[in-house]
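Take a look at this one; I'll ask things after.
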Amino acid sequence: MRCFVDFGAVSRPVGNSASNPGYHPAMNLKLGCEGAVLLCLGAFLTSCTTMSRHDAEGTGGAPLRVCEPEQRSSDHIAYPTTPTREVVDHFHGLSIADPHRWLETLDSAETRDWVARQNELATSVLRGLRTRAHFVERARGLCAAATTSRLSRDGARWLTRTRTHDGARLFLVQRELSEAPWHLLGPDDVPAASGVVREVSLSPDGRFLAYVMEAHGPAAMELRIRDLEQGSDLPERIPGVRWGRPQWTANSGALIYSRLLRPGIGEADGVDRRSVIGYHVLGTAPDVDAILYEVDPLDLGAGAEAVLSSSGRYVVIDDHYEHEESVSVVDLGDPRSPTPNSEPISLTRGRRGANRYVGAVGGTIYLRTTLDAPKGRVVAVDVERPQAWRTVIPESDDLLERARVVGGRLLVGHRRDVCSVVRIFDLEGRALHEVSLPGLGSAYYFSGDESEPTASFAFDSFAHPEAIFALDVASGETTCLRSSELDIGPEDYVTEQAFYPSADGTRIPMFTCRRRDASASAPAPTLLIGYGANGAVMDPIFEPGWFAWVEAGGVLAVANLRGGGEYGEAWHRAGMLDKKQNTFDDFIAAAEHLIRTGVTTPAMLAIHGSSNGGLLVGAAMTQRPELFAVALPTVGVLDALRFPSFTAGPRWAKDMGDPTVPSQFAWLRRWSPLHRIEDGVHYPATLITTAVDDDIVHPSQSYKFAARLQEAQASTRPVLLRTYATGGHSGRADLDGRVEEMSERLSFAAHFTGLCPGGEE
């Protein structure tokens with residue numbers, strides 16, 4: 001899954017994703033009595049004992065060492081005082097107290113003061129941890145070198161989008177993959193006050209550059225056009241731009257783009273969130289732009305994005321809502337003199353499953369669809385006969401995740417038990433080649449021209465940093481174009497996949513990764529990661545934080561839970577709504593499997609997840625606290641009865657449930673992490689993290705969970721709340737911010753599981 005940030009790693013698009021300087025609200029405050037850390041940090045420091053792992057030299061030449069995990073402390077932490085108020089909600093005849101409701105008012109002086117004192121406590125503890133210096137140094141090295149790049153076809157050229165070390169985007173372009181790319185646009189070309197460049201598109205004649213600026217968050221994106229010959233922007237600017245990359249017509253005279261309808265229509269806050277596909281002729285006012293397509297106004301939150309076929313004739317529009325997508329085509333006629341007045345032709349008869357554009361050859365459009373094929377198939381559709389679908393690649397046991405027409409071939413990516421398998425087919429569906437990949441991992445970012453034989457893709461895995469490959473679709477041969485600057489030998493690490501039974505007997509896959517010189521028979525500090533929601537796939541990828549843990553001698557475990565999309569829509573539905581408990585059962589069973597097979601012990605096991613993964617961690621630690629030494633819920637949905645009241649919450653009801661519906665309230669209350677907390681229970685050492693500017697999951701979800709858990713904790717292990725001022729839901733994109741987030745979580749997990757990086761005494 002590439003839409004979230006773990007331990008401050010760079011997320012890859014979508015949206016996950018894949019964003020700002022660190023903040024410590026209490027840095028300039030004097031330590032007050034209530035906020036003071038009465039905890040003796042010395043009691044947290046633990047002695048290291050050498051555990052012989054292997055006779056051979058380890059990675060870096062140092063023997064692996066495991067500390068004695070912290071079991072108890074002679075002093076309790078004095079948490080900031082958290083007032084309670086008598087607030088009661090009434091749900092379907094039941095009265096539910098919400099004594100920390102006041103923390104939902106983020107801009108009140110009382111809430112800000114409470115958050116500042118929580119941050120003061122958290123940073124005091126985190127900065128005293130023995131392993132922090134190691135992880136700060138290693139995180140900086142990994143994040144500085146592991147910049148994520150995307151190579152994609154842009155008309156007759158290849159476009160590289162990458163990040164600089166401080167998180168800014170840099171765009172390079174080249175005509176042929178064999179030549180050196182040249183600079184197109186970077187942070188020095190746009191005033192910093194203007195915002196962040198999100199997307200660029202070069203006109204076919206090379207004169208104009210369309211670029212999308214994000215000025216103040218994703219809701220404030222603006223399309224601008226630069227005349228490269230003059231070195232200045234054209235006067236027209238288009239606000240409200242949303243999904244996808246702007247597309248140039250073949251004659252370089254117009255742009256096709258996705259945006260929201262103009263503000264002031266439709267909603268109480270004055271913003272109409274319906275998406276449209278616009279057509280802008282250079283030199284004209286955006287107000288007169290033609291509208292090629294408009295989404296159904298009843299589908300709040302739906303989005304549409306457009307791509308132009310390589311011939312320049314067809315605008316293919318993906319209209320996506322939840323996990324369903326429809327595809328329509330607008331015929332521009334002669335690409336040299338396009339006319340944007342044709343009615344859209346629906347290729348999908350409305351929304352029936354997930355349908356995505358794959359490519360076009362002549363008047364035939366190729367789609368990837370889940371219609372009558374939950375694991376996916378490829379179909380061919382004639383624009384003149386849009387309802388006459390023809391199956392080209394049928395559904396199989398493997399999940400068909402991506403496909404693209406390149407050079408008159410179909411380049412197809414399947415998932416076989418979560419791992420990537422890449423094949424080349426002809427346009428009739430006959431298998432031609434299976435592409436050789438570097439190992440167990442993930443292939444993604446397929447790109448290429450529908451008529452040219454060269455494709456590109458990226459590959460990575462837990463101990464294999466991202467590499468970019470060129471692929472000849474005629475022969476199936478690959479060439480590595482670009483690899484990471486990191487000095488990491490994948491052969492020094494072992495990635496394995498196991499399957500274990502969940503509570504109801506369902507077979508669940510899980511990856512583990514460890515250093516090759518680590519004994520497989522001795523338990524080790526282990527970091528267990530999960531998500532299990534929204535049909536997203538937790539694929540084997542390189543994340544700097546995950547790798548830093550493994551490199552330090554720990555075991556990484558990634559469980560592929562129901563609720564995700566690892567085996568298609570059926571797998572997703574098996575972990576949503578009334579079946580959401582299956583997701584938590586799968587995660588708990590993963591922990592039990594790791595303990596039962598001797599990989600780790602409860603005293604050496606940490607769990608982490610972000611967003612819905614934060615919900616997962618909150619549910620697991622409140623249902624089975626004895627299984628875990630450390631819990632790291634990040635930007636989590638932790639109050640299942642109040643999440644629909646804020647930000648994007650109402651959209652999640654289709655996956656999680658709606659507390660206003662009696663039957664759905666019953667299951668939400670049953671597993672809601674906040675409402676599962678009980679006084680007098682020994683909970684794991686817990687570091688809860690959020691951001692004040694998170695506009696996806698309201699920060700109060702974390703605030704209230706932290707307040708209640710601090711009240712209830714019977715163990716002397718700490719419950720800390722760390723709130724960042726910026727970074728939103730995905731985490732901070734700047735180098736210092738990523739390093740801070742990553743090192744804080746890793747050192748906290750290492751301390752309470754006994755991980756000693758680098759053989760420290």
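All residue numbers in this chain count up from 1 along the given sequence.
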Worksheet item: Are any side-chain N or O atoms of Thr686 and backbone N or O atoms of Pro684, one a donor and one an acceptor, separated by less than 3.5 Å?
Response: yes
Discussion item. Tell me whether the rings of Trp546 and Phe462 are parallel (<30°), tilted (30 to 60°) or perpendicular (>60°).
Written reply: tilted
Fill in: For the student: nearest non-hydrogen atoms of Leu106 and Ser700, plus distance
CD2-N, 4.3 Å
Fill in: Contact summary for Leu142 and Pro544, nearest pair of heavy atoms
CD1-O, 3.5 Å
Discussion item. Please determine whether a side-chain nitrogen of the Lys or Arg among Asp578 and Arg573 lies less than 4.0 Å from a carboxylate oxygen of the Asp or Glu.
Written reply: no
Worksheet item: Stepwise, does the side chain to side chain contact (heavy atoms under 4.5 Å, CB included) test hold for Thr111 with Val115?
Response: CA-CA 6 Å; Thr111 299; Val115 170; 4.3 Å; yes
Discussion item. Just so I know, are the side chains of Arg722 and Arg745 near enough to count as touching, which here means a heavy-atom distance under 4.5 Å?
Written reply: no
Discussion item. I need the minimum non-hydrogen distance between Thr690 and Val635, along with the two atoms involved.
Written reply: CA-CG1, 3.9 Å
Worksheet entry | Name of the residue among Val558, Thr600, Val555, Leu605 meeting side-chain contact (heavy atoms from CB on, under 4.5 Å) with Leu528 | Leu605
Worksheet item: With distance as the sole test, does Asp89 use its side chain to make a donor-acceptor pair with the main-chain N or O of Ile96 at under 3.5 Å?
Response: no
Worksheet item: Salt bridge check: are Arg85 and Asp98 linked by an N-O gap of less than 4.0 Å?
Response: no
Worksheet item: Can you tell me if Arg676 uses its side chain to pair, donor with acceptor, with the backbone of Arg670 under 3.5 Å?
Response: yes
Discussion item. Using side-chain heavy atoms (C-beta onward) and a distance below 4.5 Å, is Glu678 in contact with Tyr683?
Written reply: yes
Practice prompt. Identify whether the distance between the nearest side-chain nitrogen and carboxylate oxygen of Arg562 and Asp585 falls below 4.0 Å.
Written response: no
Worksheet item: Would you call Met221 and Glu199 a side-chain contact if the rule is heavy atoms closer than 4.5 Å?
Response: no
Item to complete: Examine distances only and state if a side-chain atom of Tyr79 and a backbone atom of Val719 form a donor-acceptor pair shorter than 3.5 Å.
Response: yes
Worksheet item: Taking it one step at a time, do Leu632 and Thr689 satisfy side chain to side chain contact (heavy atoms under 4.5 Å, CB included)?
Response: CA-CA 8 Å; Leu632 303 166; Thr689 49; over 6 Å; no
Fill in: Straight-line distance of Leu721 CG to Thr82 OG1, nearest 0.5 Å
9.5 Å
Worksheet entry | Non-hydrogen side-chain atoms of Asp736 and Val739 separated by less than 4.5 Å | no
Practice prompt. May I ask you to say whether Arg624 pairs ionically with Glu626, meaning some side-chain N is under 4.0 Å from a carboxylate O?
Written response: yes
Worksheet item: Can you list the steps and then say if Thr105 with Asp107 is a side chain to side chain contact (heavy atoms under 4.5 Å, CB included)?
Response: CA-CA 6 Å; Thr105 308; Asp107 59 355; 3.5 Å; yes
Worksheet item: Hey, what do you get for CZ (Phe705) to OG (Ser672), rounding to the nearest 0.5 Å?
Response: 9.0 Å
Practice prompt. Might you point out which heavy atoms bring Ala691 and Pro699 nearest each other, and give the distance in Å?
Written response: O-CG, 3.2 Å
Worksheet item: Do Ser442 and Arg415 have side chains that get closer than 4.5 Å, going by heavy atoms?
Response: yes
Worksheet item: So which heavy atom on Asp655 is nearest to which on Met576, and how close?
Response: O-CB, 3.3 Å
Worksheet item: Is any NZ, NE, NH1 or NH2 atom of the basic residue among Glu120 and Arg117 found under 4.0 Å from an Asp or Glu carboxylate oxygen of the other?
Response: no
Discussion item. Between Asp460 and Phe542 (side chain of the first, backbone of the second, donor and acceptor by atom type, cut-off under 3.5 Å), is there such a pair?
Written reply: yes
Practice prompt. Start with the C-alpha distance between His608 and Trp549, add both sets of side-chain angles, then the distance that settles side chain to side chain contact (heavy atoms under 4.5 Å, CB included), and finish with yes or no.
Written response: CA-CA 12 Å; His608 178 246; Trp549 179 268; over 6 Å; no
Worksheet entry | Least distance between heavy atoms, Phe628 atom then Ala620 atom | CE1-O, 3.6 Å
Item to complete: Mind running side-chain hydrogen bond (donor to acceptor under 3.5 Å, both in side chains) on Gln701 and His698 for me, showing each step along the way?
Response: CA-CA 6 Å; Gln701 293 270 311; His698 200 258; over 6 Å; no
Practice prompt. Assess whether atom CZ of Arg101 is packed by more than 12 heavy atoms of other residues, nucleotides or ligands within 6.0 Å.
Written response: yes
Worksheet item: Run the side-chain hydrogen bond (donor to acceptor under 3.5 Å, both in side chains) check on Tyr445 and Glu466 step by step: do they pass?
Response: CA-CA 11 Å; Tyr445 290 161; Glu466 180 189 80; 5.5 Å; no
Worksheet item: Roughly how far, to the nearest 0.5 Å, is OG of Ser610 from CG of Leu615?
Response: 12.0 Å
Worksheet item: In terms of side-chain geometry, is the basic nitrogen of Arg169 or Glu214 positioned less than 4.0 Å from the acidic oxygen of its partner?
Response: no
Practice prompt. Give the ring-plane orientation class for Trp671 versus Phe584, where under 30° counts as parallel, over 60° as perpendicular and anything between as tilted.
Written response: perpendicular
Worksheet item: Parallel under 30°, tilted from 30 to 60°, perpendicular over 60°: which one fits the rings of Tyr567 and Trp571?
Response: perpendicular
Fill in: 4.5 Å side-chain heavy-atom contact, Lys704 and Glu104
yes
Worksheet item: How long is the gap from CD on Glu551 to CZ on Arg138, to the nearest 0.5 Å?
Response: 4.0 Å
Worksheet item: So do Leu755 and Thr131 actually touch side chain to side chain, heavy atoms under 4.5 Å?
Response: no
Worksheet item: Ignoring hydrogens and geometry, is there a side-chain-to-backbone donor-acceptor pair from Ser702 to Ile688 under 3.5 Å?
Response: no
Fill in: Full working for side-chain hydrogen bond (donor to acceptor under 3.5 Å, both in side chains) between Asp586 and Ser502
CA-CA 5 Å; Asp586 294 353; Ser502 189; 2.5 Å; yes
Item to complete: Could you tell me whether the side chain of Met604 reaches within less than 4.5 Å of the side chain of Thr526, counting heavy atoms only?
Response: no
Discussion item. If I take atom NE2 from residue His682 and atom CZ from residue Arg717, how far apart are they, to the nearest 0.5 angstrom?
Written reply: 11.0 Å
Worksheet item: Considering the options Ile529, Asn560, Leu561, Leu594, which one meets the side-chain contact (heavy atoms from CB on, under 4.5 Å) requirement together with Met510?
Response: Leu594
Worksheet item: If only atom types and distance count, is the side chain of Asp658 paired as donor or acceptor with the main-chain N or O of Thr660 below 3.5 Å?
Response: yes
Fill in: CG on Leu668 to CZ on Phe643, rounded to 0.5 Å
5.5 Å
Fill in: Glu110 atom CD: more than 12 heavy-atom contacts under 6.0 Å
yes
Worksheet item: Just wondering, are more than 12 heavy atoms of other shown residues or ligands nearer than 6.0 Å to CZ in Arg132?
Response: yes
